[in-house]
There are 2 protein chains.
Amino acid sequence: MKSDKISEAVVRRLPVYLRFLNDLQNREILTVSSQELGQKLDLNPAQIRKDLAYFGDFGRKGIGYDVTYLIEKIRHILKLDQQLNVALVGAGNLGHALSNYNAYLKDTMKITAIFDSYAPKVGRKINSLTVQPMDELGSTIREQGIRIAIITVPDSEAQNVADILISSGIEAILNFAPVILKTPPNIRVHAADFTTDLQSLAYYLRDGKEESEHEQQ
Amino acid sequence: MKSDKISEAVVRRLPVYLRFLNDLQNREILTVSSQELGQKLDLNPAQIRKDLAYFGDFGRKGIGYDVTYLIEKIRHILKLDQQLNVALVGAGNLGHALSNYNAYLKDTMKITAIFDSYAPKVGRKINSLTVQPMDELGSTIREQGIRIAIITVPDSEAQNVADILISSGIEAILNFAPVILKTPPNIRVHAADFTTDLQSLAYYLRDGKEESEHEQQ
DNA sequence: TAGATTGTTAATCGATTAACAATC
DNA sequence: TAGATTGTTAATCGATTAACAATC
């Protein structure tokens with residue numbers, strides 16, 4: 001059955017499926033079942049079948065899923081079957097690191113513009129991209145048809161940068177700054193804040209006596 | 001009411017509360033209600049009260065929560081009231097970037113050792129830490145009492161590094177490599193894979209006609 | 001045909017939210 | 001006292017899992 005509203009949990013699993021399917025394709029495996037998929041990805045096979053069935057009948061009863069076909073379908077669902085240019089704001093160490101992932105993201109998604117407000121950084125080259133000043137942001141976004149931005153500026157600047165991005169027409173933001181951005185409801189924001197990840201990880205450390213009853217899942 | 005098993009969703013919100021409370025403390029605000037908290041963090045006030053109540057009665061009816069007291073409590077729950085040393089494996093760009101967050105994490109969590117398997121990187125300095133070879137990993141982890149590790153190596157090496165870390169006694173891993181690590185159930189792993197974030201973000205891009213009915217939440 | 005595996009409905013489980021008595 | 005706000009129970013909502021008919 002098609003459409004309904006798709007939950008965020010489902011959407012977040014799709015890239016995970018895609019990544020593993022690409023792997024299978026590289027190993028020239030033609031077909032995969034929800035059971036194998038579930039085993040490798042630590043997910044319930046019924047969940048995988050259900051996730052995929054939201055978008056169409058991609059499998060064949062008795063057979064499983066054709067790897068190449070499913071890749072194509074998921075890429076389409078995620079809109080990765082078109083070139084998506086990404087802007088990166090904040091040319092610090094983290095921004096620098098992320099721009100290296102261009103190769104991994106292949107042709108479909110690519111950081112094609114880097115901005116920084118700090119004058120001495122402007123004009124420097126990062127992997128063949130030249131760091132641009134913030135006042136070129138609007139025009140570059142329009143020219144390159146950029147719809148997604150990554151924020152890697154210090155937290156004190158993040159909200160301001162987000163506001164500028166949004167007024168320049170950006171639709172989605174991946175925010176690495178450890179702050180909660182206030183944005184209009186039609187802008188999609190994902191938090192990629194590793195300090196939160198790290199701190200929640202500490203909770204699960206074992207600690208001798210009194211709390212050894214929380215089973216770490 | 002104390003204990004029960006705490007869900008992961010609850011644990012992941014605690015660092016978010018903590019971050020905002022630190023903010024309030026810096027602004028010398030003494031007290032906060034679940035309503036204000038909910039407003040700023042985009043969460044339901046009842047959820048916040050319930051989350052906190054799992055761990056104790058931290059609030060005062062009619063008043064709210066004492067900021068300083070609540071910070072202290074959450075820090076204790078997350079085990080951030082002790083020094084936690086963190087190992088970082090992979091001295092590439094991303095590893096380099098993360099080591100800069102030491103200042104942000106304050107005294108409680110700190111990257112205190114960096115490892116890399118690539119000989120020319122060994123011996124280099126990154127923010128006052130010297131990159132160590134992989135064969136010093138076990139001894140350093142023991143000496144420094146390190147219990148948490150961050151993996152920032154290429155995906156092809158990630159599983160191998162994880163195995164080494166686990167056999168050296170690490171309890172929790174923050175994994176930046178875009179692979180699903182196979183680990184024993186008593187090891188806590190959080191995925192910090194920004195390629196997944198980015199790809200799921202693309203799903204929510206607007207696209208003219210046929211799919212304009214998925215409301216982006 | 002027999003075995004495998006999907007798509008889907010129904011059952012279960014868990015998390016979020018509403019409501020309110022207790023109380024500062 | 002009146003107003004505010006907690007902690008907690010009950011209601012709701014949503015997501016996961018089990019089960020199975022359909023079918024390759």
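Throughout, a chain's letter reflects where its sequence line sits, starting with A, and its residues are numbered from 1.
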Could you tell me the separation between the CD atom of A:Gln47 and the C1' atom of C:dT9, rounded to a whole number of Å?
-> 17 Å
Would you mind reading off the distance between B:Asp57 atom CG and C:dC24 atom C1', rounded to a whole angstrom?
-> 13 Å
Between A:Ile48 (CD1) and C:dG7 (C1'), how many Å, whole number?
-> 14 Å
Counting N and O atoms only, with roles assigned by atom type, does the side chain of A:Asn175 sit under 3.5 Å from a partner on the main chain of A:Val179, one being a donor and the other an acceptor?
-> yes
Could you summarise the pairing of DNA chain D as dot-bracket text, marking Watson-Crick and G-U pairs under 3.5 Å with ( ) or [ ] inside the strand and | across strands?
-> ..||||||||||||||||||||||
Can A:Asp66 and A:Thr31 be counted as having a side-chain donor-acceptor contact under 3.5 angstrom?
-> no
Length of the NZ-C1' vector between A:Lys73 and C:dG7, whole Å | 16 Å
Roughly how many Å is it from CG in B:Asn44 to P in D:dT6, rounded to a whole number?
-> 12 Å
Calculate the interatomic distance between A:Phe55 atom CZ and C:dG7 atom C1'; express it in whole Å.
-> 15 Å
A:Arg49 side chain: which of D:dT8, C:dT17, D:dC20 is closest?
-> D:dC20
Pull out every residue in residues 13-38 of chain B that has a heavy atom closer than 4.0 Å to any atom of DNA chain D, ordered by number, or say none.
-> B:Ser33, B:Ser34
To the side chain of A:Lys50, which of D:dA18, C:dT9, C:dG7 is closest?
-> C:dT9
Tell me, please, whether A:Tyr203 has B:Lys79 positioned over its six-membered ring: NZ or CZ under 6.0 Å from the ring centre and within 45 degrees of its axis?
-> yes
Salt bridge (Lys or Arg N to Asp or Glu O under 4.0 Å) between B:Glu8 and B:Arg13, intermediate numbers included = CA-CA 9 Å; B:Glu8 177 166 346; B:Arg13 281 191 292 268; over 6 Å; no
Verify the distance criterion only: is there a donor paired with an acceptor across the side chains of B:Gln83 and B:Asn85 at less than 3.5 Å?
-> yes
Does a side-chain N-to-carboxylate-O contact under 4.0 Å join A:Arg19 and B:Asp193?
-> yes
To the nearest Å, how far apart are A:Phe58 CZ and C:dG7 P?
-> 9 Å
Enumerate the residues from residues 60-70 of chain B whose closest heavy atom to DNA chain D is under 4.0 Å, giving them by residue number; use none for an empty result.
-> B:Arg60, B:Lys61, B:Gly62, B:Ile63, B:Gly64, B:Tyr65
Taken to the nearest whole Å, CZ/A:Arg12 to P/D:dT16 is 13 Å
Would you tell me whether A:Asp51 and A:Gln47 have side-chain atoms, one donor and one acceptor, within less than 3.5 Å of each other?
-> no
Indicate whether any N or O donor in one side chain lies under 3.5 Å from an N or O acceptor in the other, for B:Gln199 and B:Thr196.
-> no
Going by atom types alone, do A:Thr68 and A:Gln25 pair a side-chain donor with an acceptor below 3.5 Å?
-> yes
Give a yes or no answer on whether the side chain of A:Arg147 reaches the backbone of B:Arg206 with a donor-acceptor pair at less than 3.5 Å.
-> yes
Verify whether one side chain among A:Asp197 and B:His190 offers a donor that lies under 3.5 Å from an acceptor in the other.
-> no
